[in-house]
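Since the structure comes first, as structure tokens, the remarks are kept for the end.
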Amino acid sequence: MTQTLLPVALANYVGLSAVIFFIGVAGVMLRRNPLVMLMSIELMWNAANLLFLAFARAWMNDAGHIFAFLVITVAAAEAAIGLAIVVAVFRTARNVDVDEVALMKG
Amino acid sequence: MTTNLYSQADWAAVTPLFVVGITALVVLLADLFAKRHSNRYVSLLLGVLGLGAAAVICAQSYGQNYAAFGGGFVLGGFTVVFEEIILLAAGFSLVLYGAIGSEERMAGVVALMLWGTSGAMLMAGAANLMTIFLGLELLSLALYCLCGLAARATAREAALKYLILSSAASGFMLYGMALLFGASGSVALSALTAASVAASPFFWMGCGLFLVGLTFKLSLVPFHVWAPDVYEGAPLPVTAFMSVVTKAGALAVFARFAYAALPSGAAAHLLLPIWIVAGASMLVGNLGMLAQTDIKRLLAYSGIAQIGYIVAALAGGTSQGLRYAIYYLVAYTFMNLGAFAVVALCSTDKEEGSHVAALHGLGYRRPALAAAMTFFLLALAGFPPTAGFLGKVFILATNVGSGYAWLAALLIIGTAISLYAYFKVIRAMYDRAPSHRVVDVRPVAPLAWLSLAICLAGVLVMTFYPLTPSNVLPLVK
């Protein structure tokens with residue numbers, strides 16, 4: 001038995017991914033907690049992933065799928081390093097508000 | 001049934017990258033077995049040998065043009081030249097770390113620098129969006145760790161700032177890449193040259209976001225604020241590494257994109273903002289230098305201005321412009337790393353003599369070192385008997401020749417401003433009355449002296465033999 005997927009127009013995917021991307025951008029710009037900022041960055045990256053998958057289907061080009069897998073892998077490595085750095089900063093500063101992590105200015 | 005997807009030639013094209021990456025593993029492995037007090041030299045020796053071997057293998061492929069892995073990595077004169085610059089800068093940074101870095105972190109730092117180097121080399125040859133992203137992230141991930149490896153609180157702060165800002169910039173770039181993929185239906189840069197691509201609305205948005213990300217990595221003006229903080233906080237050899245390797249990698253990607261991957265009509269409109277940004281970097285970088293009291297911050301602002309000069313050389317889209325950009329990049333590598341070597345020779349692991357006050361009266365305490373520093377600063381400022389002067393003349397000539405006289409004017413104004421900042425440091429070194437007691441730090445570092453001498457020789461040789469490789473136009477397939 002074949003199942004037909006509901007046809008979803010490309011524009012919907014692009015619109016959704018744009019919204020997610022801007023939520024991510026706003027999070028990085030407005031929030032001051034590094035953990036939240038890292039999560040917002042993940043949103044930006046995953047918005048791009050969604051776009052890759054949507055275009056992969058629109059163009060019938062598997063490269064978009066492979067790119068998305070690549071991004072997921074790199075994002076995992078990035079998150080591991082990011083959390084390690086946040087922990088290291090927290091150990092010295094006892095807080096993780098980026099406004100108070102400001103020894104260097106100018 | 002097995003099919004052989006990739007030929008011997010494909011693997012041969014990326015052998016230098018593999019040599020560097022595998023050397024990093026060998027360094028970590030050797031560190032397990034090395035004796036307590038010899039691991040500094042074991043790691044350093046292995047690292048430098050690996051880079052040297054990669055440089056030799058890389059040089060042998062000069063003159064070949066080959067699109068390996070279906071156009072993922074394109075070998076050509078352009079790629080080889082950038083790979084060699086990256087390997088050279090990485091070698092210097094390793095040596096500087098060997099001279100002043102801490103013993104116990106040695107193997108880790110060497111390995112991370114080597115992985116970062118292989119990422120930058122991948123960027124040098126990358127001709128599709130995937131390999132560009134992979135190279136960029138390989139470099140960036142290594143740099144986040146390297147920034148945070150010093151025990152000082154400022155180093156961790158620098159790592160956090162760099163991590164968040166750089167990942168966000170990668171996010172912009174990635175989203176731009178996704179839109180470019182949507183515009184052309186392919187991840188290959190060569191697909192972007194089709195005239196139909198320029199008609200897609202995704203193309204313009206995608207290019208914009210892609211270039212924003214790249215501008216950040218190049219530390220050009222609106223996205224330069226991270227550079228001084230990160231340069232100041234990171235350990236000195238890491239700063240040296242970052243100041244050249246990241247810029248060389250990002251410049252290679254930008255040059256390939258600007259020269260070979262745009263629809264013919266689109267380039268002029270699309271790249272104009274980049275030239276404006278390059279001009280603004282010359283002014284902001286040089287003005288920013290005036291207020292600095294830390295040599296690493298000063299060199300960060302100097303680097304912002306210098307990358308502005310280098311990018312400006314590409315403005316006409318001529319092969320001559322690219323040759324001059326490469327000439328200036330090599331000159332910058334020597335001048336900049338020379339200055340870093342001098343600071344390293346006033347530093348130890350515990351105490352970095354990067355404050356301008358630490359150089360106070362250096363001309364009387366250590367005349368040779370002060371003379372070398374003066375030479376490098378004059379070269380960065382662009383004084384006549386140096387490669388810095390010649391490079392600037394080349395860039396002026398190509399800018400005026402290709403109708404970007406306003407960039408040339410900005411270059412001259414920027415240089416005039418920078419003179420004051422560089423002379424402030426030189427004056428401090430030859431100031432007889434010290435404002436306060438300066439502790440003279442003298443690490444025993446023959447290796448740092450060696451790299452200093454090589455940088456000096458490099459700047460001088462480039463002045464009298466201004467050779468530029470002729471086979472440098474970037475290819476996309």
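Proteins come first, then strands; the chains are lettered A, B, ... in the order of their sequence lines, and each starts at number 1.
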Can you say whether [X] sits under 4.5 Å from chain A via the side chain, the backbone, both, or neither, judging by heavy atoms?
X: B/L179; value: both
X: B/L165; value: neither
X: B/A291; value: neither
X: B/T131; value: neither
X: B/A183; value: backbone
X: B/F133; value: side chain
X: B/F172; value: both
X: B/S140; value: neither

[X] versus [Y], closest heavy-atom pair with distance:
X: B/V343; Y: B/S347; value: O-OG, 2.6 Å
X: B/L139; Y: B/G116; value: CD1-O, 3.3 Å
X: A/N49; Y: A/A68; value: OD1-CA, 3.4 Å

Heavy-atom distances under 4.5 Å only: say whether [X] touches chain B with side chain, backbone, both or neither.
X: A/S40; result: neither
X: A/A58; result: neither
X: A/A18; result: both

(request) Please determine, among A/A54, A/G24, A/A56, the option with the most heavy-atom pairs under 4.5 Å with chain B. (result) A/A56
(request) Under 4.5 Å, counting heavy-atom pairs only, tell me which of A/V25, A/L38, A/V71 racks up the most with chain B. (result) A/V71
(request) For residues B/F181 and A/W59, establish whether the separation of their ring centroids is below 6.0 Å. (result) no
(message) Hydrogens and angles aside, do B/E232 and B/T154 bring a side-chain donor and acceptor to less than 3.5 Å of each other?
(response) no
Side chains of [X] and [Y] in contact at under 4.5 Å (non-hydrogen atoms):
X: A/F55; Y: A/V14; result: yes
X: B/L129; Y: B/L189; result: yes
X: B/M113; Y: B/V109; result: yes
X: A/F90; Y: A/P34; result: no
X: A/V74; Y: B/L138; result: no

(message) Let's test your reading of the structure: which of B/C145, B/S184, B/G148, B/S186 forms the most heavy-atom pairs below 4.5 Å with chain A?
(response) B/S184
(request) Identify which of B/D294, B/L163, B/L174 forms the greatest number of heavy-atom pairs closer than 4.5 Å to chain A. (result) B/L174
